[in-house]
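A short write-up of the structure that comes next.
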There are 2 protein chains.
Amino acid sequence: MESSDRLLTPGEVASLFRVDPKTVTRWAAAGRIGSIRTPGGHRRFRESEVRALLSGDEAGFAEESQATSH
Amino acid sequence: MESSDRLLTPGEVASLFRVDPKTVTRWAAAGRIGSIRTPGGHRRFRESEVRALLSGDEAGFAEESQATSH
DNA sequence: TAATATTCGGGTAATTTGGGAT
DNA sequence: ACTGTCCAAATTACCCGAATAT
């Protein structure tokens with residue numbers, strides 16, 4: 001739905017995921033993440049999709065529950 | 001709600017805690033520590049959370065004993 | 001046009017994953 | 001209950017030269 005979404009370079013996505021830029025390229029080639037190609041062949045990624053992937057964790061997301069002071 | 005904090009690899013977290021990387025994986029699987037998954041399935045950990053745990057911060061530790069079949 | 005940084009490609013080590021046995 | 005080790009498969013990291021981006 002979002003068309004006015006910033007595009008990120010492979011290097012930027014790599015930094016966010018803490019992986020090598022080449023790994024991001026492999027994700028795109030494997031269809032694990034959407035990508036846009038520049039006329040020159042370089043890939044660009046939608047920031048909204050990247051942030052969604054970064055937020056999606058399994059079950060360890062809890063608020064800072066205050067532990068019982070015993 | 002800091003989503004903009006650096007991520008650590010399982011190996012880095014393991015080194016910080018002086019445990020085997022497999023143990024870190026078990027913590028994540030058990031929900032004892034939050035984790036992010038790369039599109040390839042590898043785990044990444046939030047540095048802020050790891051540092052909090054290393055500092056002896058017990059926040060997040062709930063005394064949820066399940067079925068104390070003592 | 002030139003210069004620098006990034007991102008192509010491929011190829012080969014290193015790490016991570018998941019299960020199982022100790 | 002928790003952790004460290006063994007194994008095979010999958011994913012990721014680092015190497016190069018050439019093309020693209022700014």
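Just so you know, these numbers come straight off a predicted model, no measurement behind them. Lettering of chains follows the sequences in order, A, B, ..., and the numbering in each one begins at 1.
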Please state how far atom [atom1] in [X] lies from atom [atom2] in [N], giving the value in whole angstrom units.
X	N	atom1	atom2	value
Glu12(A)	dT22(D)	CD	P	11 Å
Asp20(A)	dC8(C)	CG	C1'	13 Å
His42(B)	dG18(C)	NE2	C1'	11 Å
Arg37(B)	dT15(C)	CZ	C1'	15 Å
Phe17(A)	dA13(D)	CZ	P	12 Å

Practice task
Name the closest nucleotide to the Thr23(A) side chain, picking from dT12(D), dT3(D), dT17(C).
Solution key: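 Ranking dT12(D), dT3(D), dT17(C) by closest atom to the Thr23(A) side chain puts dT12(D) first.
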Exercise for the section: Give the nucleotide from the list dC8(C), dG18(C), dA21(D) with an atom nearest to the side chain of Arg44(A). Expected result: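 For Arg44(A), the side-chain atoms sit closest to dA21(D).
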[X] vs [N]: side-chain N/O to OP1/OP2 distance below 4.0 Å:
X	N	result
Arg32(B)	dC2(D)	yes
Thr9(A)	dA21(D)	no
Trp27(B)	dT3(D)	yes
Arg43(B)	dT16(C)	no
Thr38(B)	dT12(D)	yes

Practice task
Ignoring hydrogens and angles, answer whether the base of dG4(D) and the side-chain atoms of Arg26(B) contain a donor-acceptor pair closer than 3.5 Å.
Solution key: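 Checked by distance alone, the answer is yes.
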Handout entry: Base dG19(C) paired with Lys22(B) side chain (donor-acceptor, <3.5 Å)
Key =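 Between dG19(C) and Lys22(B), which were checked side chain against base, a qualifying N/O pair under 3.5 Å is present.
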Exercise for the section: Measure from the side-chain N and O atoms of Arg43(B) to the backbone N and O of Ser35(B), and report whether any donor-acceptor pair falls under 3.5 Å. Expected result: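 No: the side chain of Arg43(B) does not pair with the backbone of Ser35(B).
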Problem - Under the side chain to side chain donor-acceptor pair (under 3.5 Å) test, residues paired with Glu47(B) that sit two or more places apart - result: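 Glu47(B): side chain to side chain donor-acceptor pair (under 3.5 Å) contacts with Arg6(B).
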